[in-house]
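We use all heavy atoms of the structure for the numbers below, so side chains are in, but hydrogens, waters and symmetry mates are not. Chain letters run A, B, ... following the sequence lines, proteins first and then strands; every chain starts at 1.
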Amino acid sequence: MSTFDEMDAFDGASLSSRAMAARPTPYLDGLNPAQREAVECLDGPVLMLAGAGTGKTKALTARIVHLLNTGSARTNEILAVTFTNKAAREMKERVGGMLGQPAEGMPWLGTFHSVCVKLLRRHAELICGEAGVGPDEVIDEARDSESPNPYEDLGPSAVRSRHRTVHLKSNFTILDTDDQIRLLKQLIRAAGIDEKRWPPRMLAGIIDDWKNRALTPDKLPASEAGAYNHRGPELYAQYQRRLLELNAVDFGDLLLHVVTIFQTHSDILAQYQRWFRYIMVDEYQDTNIAQYMWLRLLAGGHKNICCVGDDDQSIYGWRGAEVGNILRFEKDFPGAKVVRLEQNYRSTEHILAAASGVISANAGRLGKELWTAAKGGEKVRLIGHWDGEEEARWIGEEIEATQRGTRGQRPIGLNDMAILVRASHQMRAFEDRFLTIGLPYRVIGGPRFYERLEIRDAMGYFRMVTSADDDLAFERIVNTPKRGLGDKAQQTIQSFARENGVSLVEGARLAVEAGAIKGKGGAALRRLVEDLARWGRMTGDADISHMELAEIVLDESGYTGMWQADKNPDSPGRLENLKELVKALENFENLQGFLEHVSLVMDNDKQDSDQKVSIMTLHAAKGLEFPAVFLPGWEDGLFPSQRSMDESGLKGLEEERRLAYVGITRAEEVCTISFAGNRRVFGQWQSQLPSRFVDELPEEHVEVLTPPGLYGGGYGAAASSDEPVRSTIEAKVAQADGYNSPGWKRMQARAGQRGNLQQKQAGSPIIDLTATASFTLGERVFHQKFGYGAIAGIEGDKLEVNFEKAGTKKVVARFISASGAGAETAQDDVPF
DNA sequence: ACGGACCAGTTTTTT
DNA sequence: ACTGGTCCGT
């Protein structure tokens, strides 16, 4: 266990900035009074309530620089935590820029997770527990008692003490989600639990949730305990034991173990309280309970904690984030100074007003009045489309027009435009469309580089090379590429390992020697075991760089060959990724060092310089800004997401609303919101209602656009005569007028319906859209997309229709017309 | 042991 | 519509 002085020496080499006192303070010049206050108030707790686009990162960075500049703290005495690697990197860059020197000397600037890894590696041995009482306890018991052994055929020397205490070692591996699920699957199977009822994925979710809230099954509140099958806690305990045996931790443990150490070793806690003299937290509204405990423990002494956050941008409730943390700050830290940053530097007036209008529907906010000096600008644009493809088509064209500047505003480059979606599956429509029209795009936040199959496999090999006892890695690579080692062979290996209390490779070696695995598989396994040992020895060879070694491993194992032989269209890409992986090794001294960092640090930001539109989720967009933003898919059920509302009710809805707020406030100049009347969900067509958030947009800041399809160029126009075309134009005018008329909202309210633009066509001769009563069971009807059918059921405003071609569907009544009216009339039924 | 046919669940969001 | 998993025939 290290003392404070030892720790000082540990990181001391890279710093020393006391000498910087009394330097000039140019970094303060660009700040407004509120920002300055937050920066200069150095002692005691500070809460910076910073709205969207108010320069909170700037203020936080300036504060760090100010601490260093006034000599109040040295770089290693500042603990600055962020949530994402990107945010950490950005802050390092900014601090470096302000200091005029690289900020690499800021050892404690990073994500919660990366800081915890460092702390935990120092004190890993304090985490311990009993092992060996897992699924094989029956065997152990049988052996411990002198009774006749029913498992004799398993072989000798399988005895494991029931009470073997195992410590975490400082070179623990960090389990990623994939490994975690594989492990849970094994445990579930071993416990003889039905995988259908307890899918490993679900159990992983529950465990994550417990850990986010710093709960263990035994501490679970009674109200929740009953909700889980009684075997949940049992599995949890087995899982934790197994992790310890594997010398591994999962993401949640990273934090919780450190909290545990702080709670049980007051001397260590006291050291760190002295050590981290200033604590800064970005995005405080996103902290979960475990992180909150961690921070409170660390800040418990001096209370020099400065938290920055925006309660309106709390969008991570689903992974345990507690808005309550930020709302409670003043209570937690009495005497806290609260600074509000309210001047928005990002967006124009209309955009800001629209966002404020939406978010004002939320209750229990801390409340901020954002304002901007940027008056005027375009209103937020709102447009409805027939379906998702039409929406993608329109946005594609709009992007091209915006790029050329033919829309009447300044030309905006593709890099400055983004499409922000609620859920990643919405991205596909845009990718499809953009591929066909050749519009360059980039998807942000897709599968992380290191989560890709080929990367994970390669990492498995590297892990085996650096530490041969990594059983999880062995399982991953033993039959990849195919070596003819199936379930049977792997079971044999498992039992050899378990009987002898050794790792899987060792078990494999024993199995080979015993001739337990025959034929081709046996030979291949022998070779694999030998190769692994040989590569392991090569790590110590000074003549071979770790990059060469990596290539040797991938080539000789046959892994690259496997992809070369694969004729899937994506295999070249995978080989490309492998090359990149090897290239990434450059930045590390050895494989070991690389592996330690990779799961936390590697990300996918290929900074290609080409101009591309960004497509990402709203979550991924937090902290970013773009001159032009498109927000498609504003439909009830999709956004706000049905699932979110089902699971968390009003709380869920409010979080969705904050997400809408985040989305709108990403836009600097142009913000375009759109929704579609029909969308394919699970491969089925569904009618969609515009999002309730659409109604919450303040009318005076919104401009309603008319989709081009209404001019007769769109759906089914071929079948139409002159007359219907004209009437659609009229309908569109009525629609736009209706939207902007003051009576619109009231009309909606009376109808008890949400944002149904169609309702405004009150005078339209086509159909009485609010009255489903006008339909009768069995009536023959027409639907624009599905064709003719008969009404099979009526539920509120939805009709169940048995379509002749498309099968039975539930559709909203207003998309249906009586078939007697004919197809031409149905054309008018097109909502937008 | 492996590949193909078939079936079920899936679509929030992620360090 | 797509994926990933399981079952079954080779």
Nearest-Å distance for atom pair CG/C1', residues A:Asn288 and B:dT15: 10 Å

Ring centres within less than 5.5 Å and planes less than 30° apart: is that true of A:Tyr316 and B:dT13 in this structure? no

Nearest whole Å is fine: how far is B:dT13 P from A:Leu624 CG? 17 Å

Side chain of A:Lys482 only, please: which of B:dC2, B:dT13, B:dT15 is the nearest? B:dC2

With a 4.0 Å cut-off on heavy atoms, is A:Thr617 in touch with a base, just the backbone sugar-phosphate, or nothing at all? sugar-phosphate

What pairs with A:Asp286 under salt bridge (Lys or Arg N to Asp or Glu O under 4.0 Å), at least two apart in sequence or on another chain? A:Lys622

Rounded distance in Å - CD (A:Gln684) to C1' (B:dT10): 13 Å

Classify every nucleotide of nucleotides 1-10 of chain C by which part a protein heavy atom approaches to under 4.0 Å, writing B for the base, S for the sugar-phosphate alone and - for neither, in 5'-to-3' order. BS---S----

Tell me which nucleotide among B:dT13, B:dT15, B:dC2 gets nearest to the side chain of A:Thr111. B:dT15

Between A:Asn479 and A:Asn212, which residue's closest nucleotide on DNA chain B lies nearer the 5′ terminus? A:Asn479

Do you know the tightest heavy-atom contact between A:Phe172 and A:Val117? CZ-O, 4.3 Å

Measure from CD on A:Gln490 to C1' on B:dC2 and round the result to the nearest Å. 14 Å

Whole angstroms only, please: what is the CD1-P distance between A:Ile174 and B:dT14? 20 Å

Side-chain donor-acceptor pair present, A:Asn247, A:Asn171, cut-off under 3.5 Å: yes

Check every atom of B:dA1, B:dT14, B:dT13 against the side chain of A:Ala489 and return the nucleotide holding the closest atom. B:dA1

Centroid separation A:His123 to A:Tyr272 less than 6.0 Å: yes

Are the side chain of A:Thr492 and the backbone N or O of A:Lys488 linked by a donor-acceptor pair below 3.5 Å? yes

Test item: A:Asn479 side-chain N/O and A:Arg483 main-chain N/O as donor-acceptor pair under 3.5 Å: yes

To the nearest Å, how far apart are A:Leu175 CG and B:dT14 P? 20 Å

Listed nucleotide nearest any side-chain atom of A:His425, set B:dG3, B:dT11, B:dT15: B:dT11

Using the P atom in both, what is the distance from B:dT13 to C:dG4, to the nearest Å? 15 Å

Just to confirm, is there a sub-4.0 Å distance from OP1 or OP2 of B:dT11 to any side-chain nitrogen or oxygen of A:Ser641? no

When you compare the side chains of A:Asn678 and A:Asp387, does any donor N or O come within less than 3.5 Å of an acceptor on the partner? no

Distance check needed: B:dT15 P versus A:Ile315 CD1, whole Å only. 12 Å

Could you please name the option among B:dT15, B:dT13, B:dA1 that lies closest to any side-chain atom of A:Ala423? B:dT13

Check whether A:Tyr316 forms a cation-pi arrangement with A:Arg319 (NZ or CZ under 6.0 Å from the six-membered ring centre, at most 45° off the ring normal). yes

A:Leu618 atom CG is separated from B:dT11 atom C1', nearest whole Å, by 15 Å

